[in-house]
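Hydrogens, waters and symmetry mates are skipped; everything else that's a heavy atom, side chains included, is used.
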Amino acid sequence: MRQSLISRLFSSRGCKIFALVLAGAIIAGVALFLYHLRAHTLVADDPAACMNCHVMTSYYATWFHSSHSRNATCNDCHIPHENPVRKWAFKAKDGTRHVYVFLTNTQPEVIQAHPAGSQVIMNNCIRCHTQLNTEFVKTGKISYMMAQAGAGRACWDCHRSVPHGGQNALASTPSAIVPHPPSPVPAWLKKMKR
């Protein structure tokens, strides 16, 4: 009779128990790591989650003091809204790229949107300001691709300082007062540390 792969690898009861304990420890370690990264906050629309990476503090501060902070979160501008699948796929892909750039310390001094992110931002400008563009100022609807081809201008060509106030280097807002996220360290552990 043929034995299964698991039965061959873990032939004794002790090996199976060791494998279960090891798997549990790895899962617990990954869960703790994700908790300390505050990964659970990234599935919500809370703009403070963007400050999990300290390099975003100046961008958060400039958004927080802009008119957009009253009506739009980071996800309203930076994540697509066509359908839930595209929204979550883009958020996962872009978030993974952000984590990689942050952990490898390869972020530029001034962060700028990549082409796919720029297209999402412009589509969201159009989505929120359609009535303004078509009824009031009659600029019409131009897509990001049309702007790239020279058939018009991107929204930020004229509105460069909306909502982040222009270029935001890490040093451009050194004394920005922003609400930092709470520490993930439990109170009982903080008491032990003293």
Side-chain angles (χ1 to χ4, degrees), residues 33-129 133 142-150 152-184:
F33 177 72
L34 291 174
Y35 176 73
H36 281 289
L37 280 179
R38 299 181 44 81
H40 58 283
T41 64
L42 301 176
V43 296
D45 277 342
D46 183 8
C50 296
M51 288 193 326
N52 287 353
C53 302
H54 71 278
V55 297
M56 297 306 292
T57 302
S58 63
Y59 296 91
Y60 179 86
T62 53
W63 164 83
F64 186 77
H65 296 291
S66 76
S67 62
H68 276 76
S69 68
R70 291 189 294 274
N71 302 312
T73 65
C74 302
N75 287 335
D76 289 330
C77 297
H78 294 276
I79 301 295
H81 294 276
E82 289 89 27
N83 63 60
V85 173
R86 176 150 159 66
K87 175 182 179 177
W88 288 103
F90 185 89
K91 193 170 183 175
K93 182 180 175 185
D94 211 40
T96 302
R97 187 180 61 79
H98 289 172
V99 168
Y100 171 78
V101 167
F102 181 71
L103 291 177
T104 58
N105 199 24
T106 56
Q107 70 271 5
E109 180 69 23
V110 177
I111 300 171
Q112 294 183 340
H114 55 87
S118 295
Q119 185 169 5
V120 166
I121 294 167
M122 186 150 164
N123 288 345
N124 286 326
C125 291
I126 292 166
R127 180 179 56 85
C128 286
H129 298 288
N133 288 334
I142 180 171
S143 72
Y144 177 71
M145 290 304 164
M146 291 168 68
Q148 289 298 100
R153 302 179 94 180
C155 300
W156 48 84
D157 288 339
C158 297
H159 303 280
R160 173 101 12 228
S161 63
V162 176
H164 294 292
Q167 297 293 327
N168 293 306
L170 294 174
S172 66
T173 53
S175 50
I177 299 172
V178 294
H180 289 284
S183 171

When you measure from the side chain of Tyr100 to the backbone of Thr106, do you find a donor-acceptor pair of N or O atoms at a distance under 3.5 Å?
no
Enter the distance from Thr96:OG1 to Lys91:NZ here, rounded to the nearest 0.5 Å.
12.0 Å
Which pair of non-hydrogen atoms, one from Thr104 and one from Val101, has the smallest distance, and what is that distance?
OG1-O, 3.4 Å
Show your working on side-chain contact (heavy atoms from CB on, under 4.5 Å) between Met56 and His98 and close with a plain yes or no.
CA-CA 11 Å; Met56 297 306 292; His98 289 172; over 6 Å; no
Which residues share a side chain to side chain contact (heavy atoms under 4.5 Å, CB included) with Ala92, sequence neighbours left out:
none
So, for Phe90 and Pro80, which heavy atoms are closest and what is the spacing to 0.1 Å?
CD2-CD, 3.4 Å
His81 and Arg86: side-chain donor and acceptor closer than 3.5 Å?
no
Please lay out, stage by stage, how Val120 and His78 fare under the test side-chain contact (heavy atoms from CB on, under 4.5 Å).
CA-CA 6 Å; Val120 166; His78 294 276; 5.7 Å; no
One should read off an interatomic distance between Gln119 CD and Asn123 CG, to the nearest 0.5 angstrom, of 5.5 Å
So His68 and His129, would you call those rings parallel, tilted or perpendicular, with 30° and 60° as cut-offs?
perpendicular
When you measure from the side chain of Asp45 to the backbone of Thr73, do you find a donor-acceptor pair of N or O atoms at a distance under 3.5 Å?
no
Quick one: are Lys87 and Asn75 in side-chain contact, heavy atoms under 4.5 Å?
no
Run Ile121 and Trp156 through side-chain contact (heavy atoms from CB on, under 4.5 Å) and show every step you take.
CA-CA 10 Å; Ile121 294 167; Trp156 48 84; 3.9 Å; yes
Between the SG atom in Cys74 and the CG atom in Asp46, the distance rounded to the nearest 0.5 Å is 8.5 Å
Exercise: identify the closest heavy-atom pair between Asp94 and His114:
OD1-NE2, 2.8 Å
Indicate yes or no for a side-chain donor-acceptor contact from His164 to the backbone of Tyr59 under 3.5 Å, with no hydrogens or angles considered.
yes
CZ of Arg127 to CD of Glu82, rounded to nearest 0.5 Å, is 8.5 Å
Anything under 30° is parallel, anything over 60° is perpendicular, the rest tilted; go ahead and classify Trp63 against Tyr60.
tilted
Shortest non-hydrogen separation from Ser66 to Pro163 and the atoms involved:
CB-O, 3.3 Å
